[in-house]
Novice: 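Please find one structure pasted underneath; my questions will follow.
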Amino acid sequence: NGAKWKVVPEMMVYIRNMESDMNRFAETKHTQLNDFTQLGLNLQKNIDLLTSSCTMEGKAHDELHKWLLPYIELVDSLNKSKNIDEASQTFQKIKSSYKTFNIYFE
């Protein structure tokens with residue numbers, strides 16, 4: 001009906017932590033693959049905390065999974081990047097996924 005899906009605060013904190021990490025990372029130039037790898041590890045840590053704190057049920061939970069599962073795959077791809085170009089492209093895809101998230105969730 002045009003309203004955003006609600007994510008419980010206990011889970012939203014981890015999503016916002018990851019988004020903040022992404023925004024801070026985007027503000028500086030990164031020339032080492034290790035920079036992207038460290039970001040990926042930080043994102044994965046928050047994904048683990050997010051999924052272990054899941055208390056959502058129903059349609060909002062199902063809709064969140066439609067965003068979260070591809071997001072998890074992108075973070076995994078970031079962590080497995082073999083060069084800076086691959087990591088940078090994956091970073092941009094992850095960043096774009098937050099635009100999608102913020103359209104549909106609050």
Side-chain angles (χ1 to χ4, degrees):
N1 298 330
K4 292 183 178 188
W5 298 103
K6 300 232 185 267
V7 178
V8 295
E10 301 83 18
M11 293 174 67
M12 185 62 95
V13 68
Y14 300 114
I15 293 170
R16 293 300 180 215
N17 285 345
M18 291 184 286
E19 185 176 31
S20 292
D21 286 348
M22 291 290 296
N23 290 337
R24 277 192 303 276
F25 193 86
E27 292 173 358
T28 57
K29 183 172 172 69
H30 298 279
T31 59
Q32 302 292 319
L33 182 57
N34 190 48
D35 296 339
F36 288 92
T37 303
Q38 187 58 52
L39 173 65
L41 293 173
N42 290 343
L43 296 175
Q44 186 60 55
K45 182 172 68 171
N46 276 286
I47 288 170
D48 294 344
L49 292 167
L50 171 69
T51 56
S52 69
S53 69
C54 183
T55 58
M56 290 179 64
E57 296 177 348
K59 187 71 172 157
H61 177 264
D62 297 342
E63 294 301 315
L64 181 61
H65 270 257
K66 290 179 184 177
W67 173 81
L68 185 59
L69 294 178
Y71 175 84
I72 290 170
E73 290 177 11
L74 285 171
V75 171
D76 186 53
S77 293
L78 181 64
N79 286 325
K80 293 178 179 174
S81 295
K82 297 192 183 341
N83 58 58
I84 200 89
D85 290 334
E86 187 179 323
S88 182
Q89 289 175 6
T90 304
F91 172 82
Q92 292 303 322
K93 291 176 185 176
I94 294 170
K95 192 173 173 194
S96 178
S97 76
Y98 279 100
K99 291 178 186 172
T100 302
F101 176 86
N102 287 315
I103 289 170
Y104 295 105
F105 297 94
E106 62 180 4

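Below, all heavy atoms of this structure are taken into account, side chains as well, without hydrogens, waters or symmetry copies.
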Novice: Applying side chain to side chain contact (heavy atoms under 4.5 Å, CB included), can you list everything that pairs with Ser52, at least two apart in sequence or on another chain?
Specialist: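 Side chain to side chain contact (heavy atoms under 4.5 Å, CB included) list for Ser52, sorted by chain: empty.
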Novice: Can you tell me how far the CG atom of Leu43 sits from the OH atom of Tyr71, to the nearest 0.5 Å?
Specialist: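 So the CG of Leu43 and the OH of Tyr71 are separated by 4.5 Å.
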Novice: Where the side chain of Ser88 meets the backbone of Asp85, is there a donor-acceptor pair that is under 3.5 Å apart?
Specialist: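 No, Ser88 side chain to Asp85 backbone: no donor-acceptor pair under 3.5 Å.
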Novice: Taking all non-hydrogen atoms of both residues, which atom of Leu33 and which atom of Ile84 are closest, and how far apart?
Specialist: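 Shortest heavy-atom separation between Leu33 and Ile84 comes out as N-CD1, 3.6 Å.
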Novice: Return the set of residues passing salt bridge (Lys or Arg N to Asp or Glu O under 4.0 Å) with Asp35 (not counting sequence neighbours), or none when no residue passes.
Specialist: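 For Asp35 there are no salt bridge (Lys or Arg N to Asp or Glu O under 4.0 Å) partners, ignoring immediate neighbours.
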Novice: On a heavy-atom basis, which atom in Ala87 and which in Ser81 lie closest, and how many Å separate them?
Specialist: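 Distance-wise, the nearest heavy atoms are CA-OG, 3.4 Å.
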Novice: Go through the structure and list residues passing ring pair (Phe, Tyr, Trp, His ring centres under 6.0 Å) with Phe101, not counting sequence neighbours.
Specialist: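 Listed in chain order: Trp67, Phe105.
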Novice: Got a sec: does the NZ of Lys4 have more than 12 other heavy atoms crowding it under 6.0 Å?
Specialist: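 Atom NZ in Lys4 is crowded, with more than 12 foreign heavy atoms closer than 6.0 Å.
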Novice: Within the structure provided, determine whether Met18 and Ile94 are in side-chain contact (heavy-atom separation under 4.5 Å).
Specialist: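 No, side chains not in contact.
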Novice: Quick check: is Leu78 connected to Leu41 through a chain of hydrophobic side chains (ILVMFWY, heavy atoms under 4.5 Å apart)?
Specialist: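 No; tracing contacts between hydrophobic side chains, which count when under 4.5 Å, never links both residues.
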Novice: Applying side chain to side chain donor-acceptor pair (under 3.5 Å), name anything that partners Lys95, two or more places apart in sequence or on another chain.
Specialist: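 Lys95 satisfies side chain to side chain donor-acceptor pair (under 3.5 Å) with no residue once adjacent residues are dropped.
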Novice: List the residues meeting ring pair (Phe, Tyr, Trp, His ring centres under 6.0 Å) with Phe91, not counting sequence neighbours, and say none if there are none.
Specialist: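 Scan of Phe91 (ring pair (Phe, Tyr, Trp, His ring centres under 6.0 Å), adjacent residues dropped) gives Phe25.
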Novice: Got a second to check how far Ser20's OG is from Met22's CE, nearest 0.5 Å?
Specialist: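 Reported value, rounded in 0.5 Å steps: 11.0 Å.
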Novice: Suppose we screen for salt bridge (Lys or Arg N to Asp or Glu O under 4.0 Å). Which residues come up paired with Glu106, at least two apart in sequence or across chains?
Specialist: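 By the salt bridge (Lys or Arg N to Asp or Glu O under 4.0 Å) rule, Glu106 matches Lys6.
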Novice: Treating Asp76 as the side-chain partner and Ile72 as the backbone partner, does any N or O pair qualify as donor plus acceptor under 3.5 Å?
Specialist: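 A pair under 3.5 Å: no.
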Novice: Taking salt bridge (Lys or Arg N to Asp or Glu O under 4.0 Å) as the definition, give me every residue that meets it alongside Asp21, ordered by chain and number, with sequence neighbours left out.
Specialist: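 For Asp21 the salt bridge (Lys or Arg N to Asp or Glu O under 4.0 Å) partners, ignoring immediate neighbours, are Arg24.
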Novice: Could you check if a side-chain atom of Leu39 sits within less than 4.5 angstrom of a side-chain atom of His30, using non-hydrogen atoms only?
Specialist: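 When only atoms from C-beta onward are counted, His30 and Leu39 do not touch, as no gap falls below 4.5 Å.
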Novice: Same cluster or not: Val75 versus Leu69, using hydrophobic residues (I, L, V, M, F, W, Y) connected whenever any side-chain heavy atoms lie under 4.5 Å apart?
Specialist: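 Not linked; separate clusters.
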Novice: Using a distance-only test with no angle check, is there a side-chain donor-acceptor pair under 3.5 angstrom linking Glu19 and Asn23?
Specialist: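 Side-chain D/A pair, Glu19 to Asn23: absent.
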Novice: By the ring pair (Phe, Tyr, Trp, His ring centres under 6.0 Å) test, which pairs, at least two apart or in different chains, include something from residues 38-66?
Specialist: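 Counting only pairs at least two positions apart or across chains, the ring pair (Phe, Tyr, Trp, His ring centres under 6.0 Å) contacts touching residues 38-66 are His61-His65.
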Novice: With sequence neighbours left out, what residues match Asp48 under side chain to side chain donor-acceptor pair (under 3.5 Å)?
Specialist: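 So Asp48 forms a side chain to side chain donor-acceptor pair (under 3.5 Å) with Gln44.
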Novice: State, with a plain yes or no, whether a side-chain heavy atom of Leu68 is found less than 4.5 Å away from one of Leu50.
Specialist: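 They are in contact (side-chain heavy atoms under 4.5 Å apart), so the answer is yes.
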Novice: In chain order, what residues pass the side chain to side chain donor-acceptor pair (under 3.5 Å) check against Glu73, with sequence neighbours excluded?
Specialist: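 Not a single residue meets the side chain to side chain donor-acceptor pair (under 3.5 Å) criterion with Glu73.
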Novice: Check whether any side-chain heavy atom of Ser53 lies under 4.5 Å from a side-chain heavy atom of Tyr14, and answer yes or no.
Specialist: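 Side chain of Ser53 against side chain of Tyr14, heavy atoms only: contact under 4.5 Å found.
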Novice: Ignoring hydrogens and geometry, is there a side-chain-to-backbone donor-acceptor pair from Ser96 to Gln92 under 3.5 Å?
Specialist: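 A pair under 3.5 Å: no.
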Novice: Identify, with sequence neighbours excluded, every residue that meets salt bridge (Lys or Arg N to Asp or Glu O under 4.0 Å) alongside Glu63.
Specialist: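 Here the qualifying residues are Lys59, Lys66.
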Novice: Could you work out, with side chain to side chain donor-acceptor pair (under 3.5 Å) as the rule, every residue matching Asp62, not counting sequence neighbours?
Specialist: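 With neighbours one apart ignored, the set is empty.
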